[in-house]
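In this chain, numbering begins with 1 at the start of the sequence shown.
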Amino acid sequence: MADQDERLRRWRLVLGGGDADGTGHGLRGADAGMDAALAALYGQEGRGGRGERAGGREGGLGASAPRVARWLGDIRTYFPATVVQVMQKDAIERLNLTRLLLEPEMLEAVEPDVHLVGTLLSLNRVMPDQARESARAVVRAVVDQLERRLAQKTRAAVTGALDRSARNNRPKRVADIDWDRTIRANLKNYLPERETVVPSRLVGYARRQRAVQREVVLAIDQSGSMAASVVYSSVFGAVLASTRSLKTSLVVFDTSVADLTDQLHDPVELLFGTQLGGGTDINRAIAYCQGLITRPTDSIFVLISDLYEGGIRQEMLRRVAAMTQAGVQVIVLLALSDEGAPFYDHENAAALAAMGVPAFACTPDAFPDLMAAAIERRDIGRWAERNLSVRPGPAAP
């Protein structure tokens, strides 16, 4: 009987009540509050109606900031943070709450997340002064959370790759021997009768090098669809810039180009230096980035874009070809986010793949290992096939 009641309760929450749901189950207490919060967003008025019943569920948030603020508090009471973030995103999109986000009391009520930061950055130019500090606090909370999640892994992966990439043939300590490469280099010395390899040459790591070993240039498309990628890229750029053996530059672009390298010490300031929205001129951005690269064979160029080019397409492709021919490790990410396969220009992705530059989406958690593979100059296309759940290239980003 208890199991039956629980099933009816859950179906009632899903169906929204009314004669059509068929459960005949009433809600009380927290369940009623949860149902009201869902109704305000997903009921008839939440879809733009005027409060008429839709399967029994009615409500709506209207255009009242106090009502929306109360609703934001309610959903944080009834749902876990991951669900709250989804509902906030849906509310902004379905109910056009963008304007209300400019009010400080609203910003103090929301659950900070990457999508919200993207929305706030897109409003940066029209944000009133009284809301700016609240918005900055939201962005700071998200950036701090991302740094705690990603910084240590990034530093460990990058530092290890730099150590491994700086080889020497006279390692002084056993800990400095790269056994995998040593065995591979001495397979010709295999003794079948002893089932062992006799190493005539050791391959080791060069540890604790202080000089710059790699130049990294991040070029980020700041069109509106790339908001999450801009947030993650800014955090990763700041982490990479803190590694002494890397010279890191960060450039954002739409139809113009902005070099934000001097703000890498503070990713919050960096994010407020972006301007989400507008057109895209990838060719102009790549031209600028070419001028930043002084050591092509020791450089990694990461282009983060959906590849919808508003500039000169053929010139853009020629520039990428020239960079790869000069020895630059070129990586094209269609997205740097947790959102899965993005919309992107298939024709440009196919053209890049034809010249040996696969384009694929990458999750933030996989990015540190991707950078390690690039530092070691491994085959990035093969790395993506092995480490991502999708295959790189134009068929499935």
Side-chain angles (χ1 to χ4, degrees), residues 82 84-102 106-107 110-127 131-132 134-147 149-150 218-238 250-258 260 263-264 267-282 285 302-310 332-345 359-365 367 397:
T82 52
V84 169
Q85 292 169 8
V86 172
M87 294 180 72
Q88 284 181 175
K89 183 173 182 288
D90 286 349
I92 292 168
E93 294 175 353
R94 291 165 60 94
L95 306 180
N96 193 24
L97 300 182
T98 301
R99 181 181 60 82
L100 293 179
L101 285 177
L102 299 180
M106 282 283 291
L107 290 172
V110 293
E111 180 77 22
D113 73 305
V114 170
H115 298 295
L116 181 61
V117 168
T119 301
L120 292 176
L121 295 178
S122 70
L123 299 171
N124 186 25
R125 297 297 183 268
V126 298
M127 190 176 294
R132 193 169 296 278
S134 297
R136 194 174 292 274
V138 170
V139 175
R140 173 66 68 185
V142 173
V143 167
D144 289 347
Q145 180 187 50
L146 292 179
E147 286 188 319
R149 168 186 162 192
L150 301 170
L218 301 176
I220 310 167
D221 183 342
Q222 60 177 353
S223 58
S225 61
M226 302 296 293
S229 297
V230 171
V231 177
Y232 282 116
S233 300
S234 299
V235 173
F236 279 121
L250 188 142
V251 172
V252 297
F253 65 92
D254 41 36
T255 52
S256 58
V257 179
L260 301 181
Q263 297 180 33
L264 280 171
V268 174
E269 290 298 323
L270 191 155
L271 284 168
F272 275 95
T274 63
Q275 184 173 346
L276 291 175
T280 308
D281 192 336
I282 303 173
V302 184
L303 173 65
I304 304 172
S305 173
D306 56 15
L307 297 179
Y308 285 107
E309 173 64 308
V332 176
L333 300 182
L334 302 168
L336 180 56
S337 70
D338 290 309
E339 303 195 357
F343 291 103
Y344 67 99
D345 189 304
F360 52 92
C362 181
T363 66
D365 288 318
F367 186 76

Measuring from [X]:[atom1] to [Y]:[atom2], what's the distance to the nearest 0.5 Å?
{"X": "F272", "Y": "R132", "atom1": "CZ", "atom2": "CZ", "value": "7.0 Å"}
{"X": "D281", "Y": "E309", "atom1": "CG", "atom2": "CD", "value": "5.5 Å"}
{"X": "L264", "Y": "F236", "atom1": "CG", "atom2": "CZ", "value": "14.0 Å"}
{"X": "L107", "Y": "L116", "atom1": "CG", "atom2": "CG", "value": "7.0 Å"}
{"X": "T255", "Y": "I282", "atom1": "OG1", "atom2": "CD1", "value": "12.5 Å"}
{"X": "I220", "Y": "S234", "atom1": "CD1", "atom2": "OG", "value": "5.0 Å"}

Treating [X] as the side-chain partner and [Y] as the backbone partner, does any N or O pair qualify as donor plus acceptor under 3.5 Å?
{"X": "Q88", "Y": "E111", "result": "yes"}
{"X": "Y344", "Y": "Y308", "result": "no"}
{"X": "D306", "Y": "F343", "result": "no"}
{"X": "T274", "Y": "L270", "result": "no"}

Using a 4.5 Å cut-off on heavy atoms from C-beta on, say whether the side chain of P112 contacts that of V117.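 Side chain of V117 against side chain of P112, heavy atoms only: no contact under 4.5 Å found.
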
task = Report yes if some heavy atom in the side chain of P364 is under 4.5 Å from a heavy atom in the side chain of L150; otherwise report no.
result =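 Of all side-chain heavy-atom pairs linking L150 with P364, at least one is under 4.5 Å.
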
Please walk me through it: do I304 and Y232 pass side chain to side chain contact (heavy atoms under 4.5 Å, CB included)? CA-CA 11 Å; I304 304 172; Y232 282 116; over 6 Å; no

Considering all heavy atoms of both residues, which atom of [X] and which atom of [Y] are nearest to each other, and what is their separation?
{"X": "G237", "Y": "L218", "answer": "CA-CD1, 3.8 Å"}
{"X": "D254", "Y": "Q222", "answer": "OD2-NE2, 3.1 Å"}
{"X": "F253", "Y": "S305", "answer": "CZ-CB, 4.3 Å"}
{"X": "E147", "Y": "P267", "answer": "OE2-CG, 3.8 Å"}

Does any donor atom in the side chain of N124 or S122 lie under 3.5 Å from an acceptor atom in the other side chain?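 No - no donor-acceptor pair under 3.5 Å links their side chains.
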
Exercise for review: Determine whether the side chains of D221 and S223 contain a donor N or O and an acceptor N or O closer than 3.5 Å.
Suggested key: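 A pair is found: one side chain offers a donor N or O, the other an acceptor, under 3.5 Å apart.
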
**Item:** CA sep, side-chain torsions, deciding dist, call: V302, L336, side chain to side chain contact (heavy atoms under 4.5 Å, CB included)
**Value:** CA-CA 11 Å; V302 184; L336 180 56; over 6 Å; no

_Under the criterion side chain to side chain contact (heavy atoms under 4.5 Å, CB included), I'd like the reasoning laid out for D365 against R149: C-alpha separation, chi angles, the key distance, then a yes or no._
CA-CA 9 Å; D365 288 318; R149 168 186 162 192; 3.0 Å; yes

Using atom types as modelled, flag every donor-acceptor pair under 3.5 Å from a side chain in residues 136-146 to any protein atom, sequence neighbours excluded.
from	atom 1	to	atom 2	distance (Å)
R136	NH1	E269	OE2	2.7
R140	NH2	D266	OD1	3.2
R140	NH2	D266	OD2	3.4

